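So that the names make sense, note that chain A is the first sequence line, chain B the second, and so on, each numbered from 1. Keep in mind that what you see is a predicted model, and the values were worked out from it rather than measured.
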2 protein chains.
Amino acid sequence: MISGKPIGRLSLYRRLLNSLLQDGEQSICSHDLAARAGVTAAQVRRDIMNIGYSGNPNRGYDVGKLVESIGNFLDAPEGQNVVLVGVGNLGRAILAFFAGRRPKLSIVAAFDNDPEKIGRLIKGCRCYSIKHADKIIQELDISIATLCVPAKVAQEVADILVQAGIKGILNFAPVPLHVPYYLYVEDIDMTMSLEKVAYFARIT
Amino acid sequence: MISGKPIGRLSLYRRLLNSLLQDGEQSICSHDLAARAGVTAAQVRRDIMNIGYSGNPNRGYDVGKLVESIGNFLDAPEGQNVVLVGVGNLGRAILAFFAGRRPKLSIVAAFDNDPEKIGRLIKGCRCYSIKHADKIIQELDISIATLCVPAKVAQEVADILVQAGIKGILNFAPVPLHVPYYLYVEDIDMTMSLEKVAYFARIT
DNA sequence: TAGATTGTTAATCGATTAACAATC
DNA sequence: TAGATTGTTAATCGATTAACAATC
């Protein structure tokens with residue numbers, strides 16, 4: 001069992017390696033990858049060791065094979081479907097941002113409660129009523145939700161999603177969610193992040 | 001010197017306490033605040049101790065005074081000005097999200113390189129050419145940047161901002177930035193976060 | 001007073017780092 | 001071979017937790 005931080009780094013390595021591949025790079029050593037990722041070489045080596053890939057002493061890692069190994073580790077072979085909940089400003093921006101970005105992780109539906117939006121195609125994604133969450137999540141085999149609703153209704157909406165069988169939530173609502181232990185929640189709290197930057201920009 | 005995590009938690013406590021204040025709550029104990037924030041009571045007590053505020057044994061913390069203490073610790077008395085760089089989908093969503101949210105931390109300008117946007121008022125915020133970054137940052141006394149540009153140009157834009165005297169960056173571009181040691185960078189990498197959720201949703 | 005809660009210490013835990021033998 | 005780099009261990013570091021005396 002690997003914790004959240006190494007998983008995040010693997011995701012980052014993959015992205016960096018993919019752009020190296022496009023530049024025609026065949027191999028890379030831990031030191032170079034570490035510099036690009038902003039971590040230490042030892043960390044890179046341990047992360048790669050953890051997923052069971054081995055490099056070549058003297059020549060480092062084969063970029064293509066390493067990308068493949070990371071994919072085998074991170075991705076579900078058959079892909080995973082995502083639903084975005086709350087099609088406001090932020091929701092629409094995220095729909096546009098993720099559209100086609102990762103083939104094995106696609107946002108296949110959106111939920112909202114605004115009759116103006118329901119039934120429409122927004123940023124290429126069909127919008128449904130949150131009332132039909134159960135049905136849509138089952139039919140489209142959705143396991144992940146991206147929560148972009150206002151803080152006040154976040155818990156209530158999360159409860160609906162959990163009930164419908166969601167397994168993980170990416171939570172943009174600026175409030176901690178209470179969910180059963182078997183669910184994974186990752187919080188992106190922009191207000192908190194901005195206040196952190198403000199604090200450290202000031203005292204350093 | 002306090003590290004990033006406790007600072008983030010203080011920001012969260014303040015938000016929770018503010019909503020308690022609106023509900024007319026006078027005092028709160030570490031246990032209750034911890035439950036709302038999703039942390040342990042010991043952590044709450046230590047965080048509060050760290051900012052020099054003292055509770056009352058038997059009655060807990062005075063909500064109003066604690067909010068004030070957190071504000072004294074986190075906020076610059078005169079406030080801090082922020083610039084948003086890259087007025088795309090995400091940039092506009094963030095402008096809308098932060099508009100008026102924290103009085104001591106306001107986005108007072110936006111930068112872009114699209115002539116269509118320059119000079120206009122977008123989500124209530126004036127958009128300038130990135131070419132005038134130096135001048136605007138000085139004139140408006142801006143110390144913080146929110147970076148919402150594409151990954152490919154993120155480092156280049158960051159260099160311009162550093163040169164112009166920015167002290168902290170909230171980076172939404174999915175690429176690590178290399179900046180001088182005295183700058184604080186907080187990364188919000190939505191792709192990484194979504195992949196983390198996908199991984200843990202799958203294996204648990 | 002008795003009970004509840006704080007402030008603070010020591011112990012624990014986990015992640016990170018440094019170091020180096022193994023290997024191509 | 002010699003040199004560079006990996007795989008892996010032990011040491012370090014920092015944050016978290018548990019525990020409890022102090023206090024209203």
Side-chain angles (χ1 to χ4, degrees), chain A residues 1-13 17 20 25-67 69-70 73 176 181 184 186-187 192 196 199-200, chain B residues 1-13 17 20 25-67 69-70 73 176 181 184 186-187 192 196 199-200:
Chain A
M1 178 65 181
I2 301 184
S3 78
K5 284 192 179 183
I7 299 296
R9 286 197 299 264
L10 287 170
S11 161
L12 175 57
Y13 300 158
L17 292 166
L20 282 172
E25 298 284 339
Q26 303 278 325
S27 61
I28 190 167
C29 71
S30 60
H31 181 79
D32 285 352
L33 183 51
R36 286 169 195 270
V39 301
T40 66
Q43 222 161 26
V44 167
R45 291 208 296 276
R46 221 183 19 134
D47 288 340
I48 291 176
M49 200 191 72
N50 277 339
I51 63 169
Y53 181 72
S54 284
N56 184 321
N58 195 24
R59 261 183 295 169
Y61 304 99
D62 180 299
V63 179
K65 287 180 181 168
L66 180 50
V67 165
S69 287
I70 295 176
F73 186 86
Y181 71 95
Y184 184 82
E186 172 91 6
D187 292 300
M192 180 195 288
K196 262 165 86 169
Y199 177 80
F200 288 108
Chain B
M1 177 64 180
I2 301 184
S3 77
K5 284 190 178 184
I7 299 296
R9 285 197 299 265
L10 286 170
S11 161
L12 175 57
Y13 300 157
L17 292 166
L20 282 171
E25 298 285 339
Q26 302 279 323
S27 61
I28 190 168
C29 72
S30 60
H31 181 81
D32 284 353
L33 183 52
R36 286 167 195 270
V39 301
T40 65
Q43 222 161 28
V44 166
R45 290 208 297 275
R46 222 184 18 134
D47 288 339
I48 291 175
M49 199 191 73
N50 277 339
I51 63 170
Y53 181 72
S54 285
N56 184 322
N58 194 25
R59 261 182 296 168
Y61 303 100
D62 181 298
V63 178
K65 287 181 184 168
L66 181 49
V67 165
S69 288
I70 294 176
F73 186 85
Y181 72 94
Y184 184 83
E186 172 92 5
D187 292 299
M192 179 195 287
K196 262 165 85 169
Y199 177 80
F200 288 108

Can you identify which nucleotide, out of [options], has its nearest atom closest to the [X] side chain?
X	options	value
B/Arg46	C/dG7, C/dT8, C/dC24	C/dT8
A/Arg45	D/dC24, C/dC24, D/dT8	D/dT8
A/Ala42	C/dA18, C/dC24, D/dG7	C/dA18

- What is the nucleic acid contact for A/Asn56, judged by heavy atoms within less than 4.0 Å: base, sugar-phosphate only, or nothing?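 Sugar-phosphate, backbone atoms only, no base.
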Phosphate-side-chain proximity, [X] and [N], N/O vs OP1/OP2 below 4.0 Å:
X	N	answer
A/Thr40	C/dA18	no
A/Gln43	C/dA15	no
B/Ser30	C/dT6	yes
B/Tyr61	D/dC24	no

* side chain to side chain contact (heavy atoms under 4.5 Å, CB included) partner of B/Ser69, the single match among B/Asp62, B/Ile51, B/Ile48 ->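 It is B/Ile51, the one option of B/Asp62, B/Ile51, B/Ile48 that forms the side chain to side chain contact (heavy atoms under 4.5 Å, CB included) with B/Ser69.
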When you match B/Ser54 and A/Pro57 each to their closest nucleotide on DNA chain C, which lands nearer the 5' end?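 Whichever sits nearer the 5' end wins; that is B/Ser54.
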Can you measure B/Lys5 atom NZ to D/dT17 atom P for me and round it to whole angstrom units?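 Atom NZ in B/Lys5 sits about 10 Å away from atom P in D/dT17.
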Notebook entry, point to check: Once you round it to whole Å, what is the distance between C1' of D/dT17 and CG of B/Asp47?
Noted result: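 Nearest whole value for this atom pair: 13 Å.
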Using the side-chain contact (heavy atoms from CB on, under 4.5 Å) rule, take B/Glu186 and A/Met192 through it: C-alpha gap first, then chi angles, then the decisive distance, then the call. CA-CA 10 Å; B/Glu186 172 92 5; A/Met192 180 195 288; over 6 Å; no
Close side-chain approach of A/Phe73 to A/Leu10, heavy-atom, < 4.5 Å: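 Yes; the side chains approach each other to less than 4.5 Å.
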